[in-house]
Amino acid sequence: MKLNPDFIVHKMDGETVLIPTANAPFHGLIQGNESVEAILECLSEDVTQDEIVDEMCRRFRGDRALIEEDVADVIARLDSIGAIQR
């Protein structure tokens with residue numbers, strides 16, 4: 001999976017914002033924390049959910065099962081607005 005090119009990741013004032021272009025199926029802004037930023041960085045290339053979890057485990061300390069749940073939640077939300085290409 002990969003981030004849909006109709007969405008642009010923008011960082012401003014320490015926050016990450018996902019901005020849809022005019023061609024995107026979603027209209028609005030998505031603000032994210034440091035974890036969402038890391039997931040979006042991973043999605044700049046074709047990647048699996050397991051690879052994202054591995055990267056998140058390297059970057060952040062925490063229980064792998066909780067990280068897996070968080071990644072799955074973010075991926076599901078991004079997928080629901082058409083921000084993921086599979």
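For reference, positions follow the sequence shown, starting with 1. Owing to the predicted nature of the structure, the values given are computational and were not obtained by experimental measurement.
- Residue-environment remark: CD (Gln49) exceeds the threshold of 12 foreign heavy atoms within 6.0 Å.
- Taking each heavy atom of Ser44 and Lys2 in turn, the nearest pair found is O-CE, 3.6 Å.
- Scanning all heavy atoms of the two residues, the minimum distance from Asp50 to Arg64 falls at O-NH2, 4.3 Å.
- Residues Ile39 and Val17 are members of separate hydrophobic clusters, defined by side-chain heavy-atom contacts under 4.5 angstrom among Ile, Leu, Val, Met, Phe, Trp and Tyr.
- A salt bridge between Lys11 and Glu41 is present, with a side-chain N of the basic residue lying under 4.0 Å from a carboxylate O of the acidic one.
- A donor-acceptor pair under 3.5 Å links the side-chain atoms of Asn33 to the main chain of Val36, judged by distance alone.
- Here the side chain of Glu15 pairs no donor or acceptor atom with the backbone of Met12 at under 3.5 angstrom.
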Side-chain donor/acceptor pairs under 3.5 Å, residues 18-30, sequence neighbours excluded:
unit_1 : atom_1 : unit_2 : atom_2 : d
Thr21  : OG1    : Asp6   : O      : 3.0
Thr21  : OG1    : Asn23  : N      : 3.4

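- Atom CE in Met56 sits 8.5 Å away from atom CD in Glu34 (nearest 0.5 Å).
- Taking CE of Met1 as the start and OG1 of Thr48 as the end, the distance is 6.5 Å to the nearest 0.5 Å.
- A salt bridge links Glu55 to Arg59: one of the charged nitrogens lies within less than 4.0 Å of a carboxylate oxygen.
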Please tabulate, one pair per line, all N/O donor-acceptor pairs under 3.5 Å involving side-chain atoms of residues 75-86, not counting sequence neighbours.
unit_1 : atom_1 : unit_2 : atom_2 : d
Arg77  : NE     : Asp73  : OD2    : 3.3
Arg77  : NH2    : Asp73  : OD2    : 2.8
Ser80  : OG     : Arg77  : O      : 2.7

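- Here the straight-line distance linking atom SG of Cys42 with atom CD1 of Ile52 works out to 5.5 Å at 0.5 Å rounding.
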